[in-house]
Enquirer: 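Input: one structure, supplied below.
Each ligand, and each atom within it, is numbered from 1 in the order the structure gives.
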Amino acid sequence: MKLLHACQFLLLCYFICITDCASFRFASYYASHMVLQQKPSQAVIWGYGEVGAAVTVSLFNGSDTISKKSVPINDDAGVWKVLLDPVDHGGPYWLLAQQRYQKDITDLALHDLLFGDVWLCSGQSNMEMTVSQVFNASEELAKAADYPTIRLFTAALEVSLEELDDLAKVDLQWSAPTPENLGNGEFTYFSAVCWLFGRHLSRRLKYPIGLVESVWGGTPVEAWSSKRALQKCGLSQHMECASSRSMYAGPCNYTVLWNAMIHPLLNMTIKGAIWYQGEQNTGMNTDLYNCTFPALIEDWRLSFHEGTNGQTDRYFPFGFVQLSTYQKSQQNDNYPVIRWHQTADYGYAPNPKMNNTFMAVAMDLGDDNSPYGCVHPRDKQTVAYRLYLGARAIAYGEKNVPFQGPFPTKFEIFYKESYINITYDQKLLITHLSDSIFEVLCDSKDETVGGWFPVPVTSACSNVVTVYFKGCSQISGIRYAWEDWPCEYKKCPIYSIQKKLPAPLFVEYFKK
Ligand SMILES: *[C@@H]1O[C@H](CO)[C@@H](O)[C@H](O)[C@H]1NC(C)=O
Ligand SMILES: *[C@@H]1O[C@H](CO)[C@@H](O)[C@H](O)[C@H]1NC(C)=O
Ligand SMILES: *[C@@H]1O[C@H](CO)[C@@H](O)[C@H](O)[C@H]1NC(C)=O
Ligand SMILES: *[C@@H]1O[C@H](CO)[C@@H](O)[C@H](O)[C@H]1NC(C)=O
Ligand SMILES: *[C@@H]1O[C@H](CO)[C@@H](O)[C@H](O)[C@H]1NC(C)=O
Ligand SMILES: *[C@@H]1O[C@H](CO)[C@@H](O)[C@H](O)[C@H]1NC(C)=O
Ligand SMILES: CC(=O)N[C@H]1CO[C@H](CO)[C@@H](O)[C@@H]1O
């Protein structure tokens with residue numbers, strides 16, 4: 001007998017190994033204090049054991065057995081995997097996994113398990129910024145104790161050339177939030193965007209929320225993509241990437257983070273994912289991002305669905321942050337291009353190529369005094385709030401939750417009077433109008449060569465904005481906020497009335 005067997009009769013029971021029971025274990029991310037996905041999904045529990053053994057997994061509430069499942073281990077790698085019965089949100093529960101191998105019985109137990117919704121948080125450094133790096137950090141950290149039913153987990157930074165079945169290392173094992181684990185230094189754990197998003201969900205839903213952070217700063221989308229996803233966009237599996245000299249750059253080889261930091265998680269049932277990434281792709285495969293990002297979403301969805309035997313929704317909700325700002329003084333088109341490509345060139349989410357997605361616009365949250373560099377704005381509260389509105393509408397199906405900023409639906413060009421009326425899908429809150437945020441593409445202007453020219457807004461009322469384009473005889477396009485840093489903090493010209501959500505950038509080309 002390898003484990004203290006009496007353990008199973010105790011209410012609270014820890015993993016007590018007497019001798020070498022290393023061969024029977026849970027996968028790295030099963031631990032006491034974790035949150036498992038609630039019904040109607042079934043949570044997956046898996047681990048490793050002796051080939052030829054039988055494993056029984058029981059879930060208890062007090063002394064009542066809620067679910068009991070047995071499986072033989074007949075996989076060469078010794079992998080066992082069970083699906084618990086669907087469990088309503090709440091807890092605490094405890095779980096006993098028992099391996100019977102010939103005459104040996106080995107028990108492993110987890111306690112203080114909660115059921116609720118599990119969200120995966122991924123991306124690069126803006127997702128990695130910890131709660132101690134955001135505005136009002138000390139106040140935010142002090143609130144940790146108010147959310148004992150949110151639980152945190154952080155995967156370690158690892159790369160691999162092969163798909164790993166389990167995480168090589170864990171940085172933060174499942175824990176209740178504390179000021180220490182929410183603010184463990186800079187760019188470690190815990191992700192401020194992930195935490196603040198989870199906090200909104202917890203307050204709204206009033207049941208446990210599990211947050212799984214798997215993030216690495218300065219990484220391109222290709223590193224987080226499987227070979228299958230990259231192939232869809234014509235990218236070879238070649239691992240090459242241009243090395244960046246930025247102090248924030250992480251690994252950029254194709255698939256290495258998918259292999260080490262996402263593939264191992266595929267057998268965990270999740271509710272959805274949020275993603276804040278794209279900065280690194282302003283310098284790598286920028287023009288392909290309208291393919292690589294939608295392909296990643298589709299591939300993650302299919303892979304989690306398969307990895308959990310269908311228990312993770314095939315089209316699970318996927319929220320993302322549209323890039324904030326980087327350089328105020330430079331005209332760098334790659335930021336607006338990536339913002340546009342983040343929406344598969346529709347400008348908004350969800351859209352026909354990205355269903356069940358939601359987007360938080362952040363181009364109005366620039367922070368040129370950020371001690372972590374301008375690319376890391378400190379207002380993550382607003383980002384998380386905007387994501388949360390999207391989650392309510394898309395992930396939780398709440399009706400009448402405004403979660404999108406205004407977007408144009410109609411353009412009318414009046415050549416004789418030299419103006420364009422732009423009709424938006426909702427009433428506008430207009431502030432801080434500038435004469436350069438709208439631009440038109442002129443074939444030629446005042447006898448000079450063509451190009452994009454700023455046009456002033458002459459009137460704006462209700463849901464119509466009028467721009468004046470004198471001197472331009474033929475217009476073939478119009479765009480809004482097509483700049484790296486289009487406006488000052490919370491001072492973009494156009495917001496929605498109800499929730500003060502910024503109008504995202506757009507570009508529209510007119511057919512001749
Ligand atoms: C166990 O579950 C039952 C119903 O499923 C519930 O009435 C009871 O309060 C639970 N006990 C504990 C200790 O949570
Ligand atoms: C990236 O790929 C190159 C070339 O195959 C290799 O030398 C390097 O070690 C890889 N780096 C990482 C972080 O995987
Ligand atoms: C993506 O954008 C590029 C230009 O940046 C364009 O050439 C290409 O057709 C677009 N691809 C898709 C799939 O929309
Ligand atoms: C998303 O699109 C797929 C087909 O591409 C469809 O089967 C599925 O029902 C859609 N999901 C939602 C929520 O619209
Ligand atoms: C920081 O706290 C102040 C005072 O409560 C508040 O006005 C401000 O909105 C907070 N900032 C953020 C980004 O939440
Ligand atoms: C264009 O929009 C303005 C309001 O911005 C409105 O006064 C004007 O009537 C519109 N023009 C046409 C032809 O609809
Ligand atoms: C342990 C285990 O079942 N791992 C599986 C997780 O999901 C992936 C993707 O479906 C499988 O390839 C693994 O075998």
Enquirer: Check whether the ring centres of Phe414 and Tyr468 lie less than 6.0 Å apart, and answer yes or no.
Expert: no
Enquirer: Measure from atom 4 (C) of ligand 5 to the protein's non-hydrogen atoms and state whether any distance is below 4.0 Å.
Expert: no
Enquirer: Might you point out which heavy atoms bring Pro251 and Val159 nearest each other, and give the distance in Å?
Expert: CG-CG1, 3.7 Å
Enquirer: If you have a sec, work out which protein heavy atom is nearest atom 9 (O) of ligand 3 and how many Å separate them, to one decimal?
Expert: Asn290 ND2, 4.8 Å
Enquirer: Got the closest protein heavy atom to atom 1 (C) of ligand 5, with its distance?
Expert: Asn136 ND2, 1.5 Å
Enquirer: Mark yes or no for whether Tyr29, through its side chain, and Pro264, through its backbone, hold a donor-acceptor pair below 3.5 Å.
Expert: yes
Enquirer: Would atom 14 (O) of ligand 6 count as contacted, meaning some protein heavy atom under 4.0 Å?
Expert: yes
Enquirer: Considering residues, nucleotides and ligands other than Phe506, do more than 12 of their heavy atoms fall under 6.0 Å from its CZ?
Expert: yes
Enquirer: I want to know whether Tyr207 and His89 have ring centres closer than 6.0 Å.
Expert: yes
Enquirer: What is the ring orientation for Phe438 with Tyr480, classed by angle as parallel under 30°, tilted 30 to 60°, or perpendicular over 60°?
Expert: tilted
Enquirer: Should Asp379 be counted as touching ligand 5, given the test is an N or O pair under 3.5 Å?
Expert: no
Enquirer: Under 4.0 Å and counting heavy atoms only, is there anything from the protein next to atom 11 (N) of ligand 6?
Expert: yes
Enquirer: Is the closest side-chain heavy-atom distance between Trp224 and Met261 below 4.5 Å?
Expert: yes
Enquirer: Less than 3.5 Å between some nitrogen or oxygen of Glu412 and one of ligand 6, yes or no?
Expert: no
Enquirer: Establish whether atom 7 (O) of ligand 5 and some protein heavy atom are separated by less than 4.0 angstrom.
Expert: no
Enquirer: Taking the six-membered ring for Trp, are the ring centroids of Phe411 and Phe510 within less than 6.0 Å of each other?
Expert: yes
Enquirer: Show the atoms of ligand 3 that are less than 4.0 angstrom away from any heavy atom in His341.
Expert: 1 (C), 2 (O), 5 (O)
Enquirer: For ligand 6, which atoms sit closer than 4.0 Å to a heavy atom of Val464?
Expert: 2 (O), 5 (O)
Enquirer: Just jot down the ligand 3 atoms closer than 4.0 angstrom to any heavy atom of Asp345, in number order.
Expert: 1 (C), 2 (O), 14 (O)
Enquirer: Find all atoms of ligand 6 within a distance of less than 4.0 Å from any non-hydrogen atom belonging to Thr466, and give their numbers and elements.
Expert: 1 (C), 2 (O), 3 (C), 4 (C), 5 (O)
Enquirer: Applying the side-chain contact (heavy atoms from CB on, under 4.5 Å) test to Val131, which of Leu182, Asn136, Val193 qualifies?
Expert: Leu182
Enquirer: Quick check: are there more than 12 heavy atoms from other residues, nucleotides or ligands sitting under 6.0 Å from NZ of Lys427?
Expert: no
Enquirer: Which option, Val467, Thr458, Asn421, Val457, owns the non-hydrogen atom nearest atom 2 (O) of ligand 6?
Expert: Asn421
Enquirer: Please could you name the atoms of ligand 6 that Ser459 approaches to less than 4.0 Å, counting only its heavy atoms?
Expert: 4 (C), 5 (O)
Enquirer: What part of Asp287 sits under 4.0 Å from ligand 3 if we count only heavy atoms: the side chain, the backbone, both or neither?
Expert: both
Enquirer: Select one of side chain, backbone, both or neither to describe which atoms of Val337 lie under 4.0 Å from any atom of ligand 3, heavy atoms only.
Expert: neither
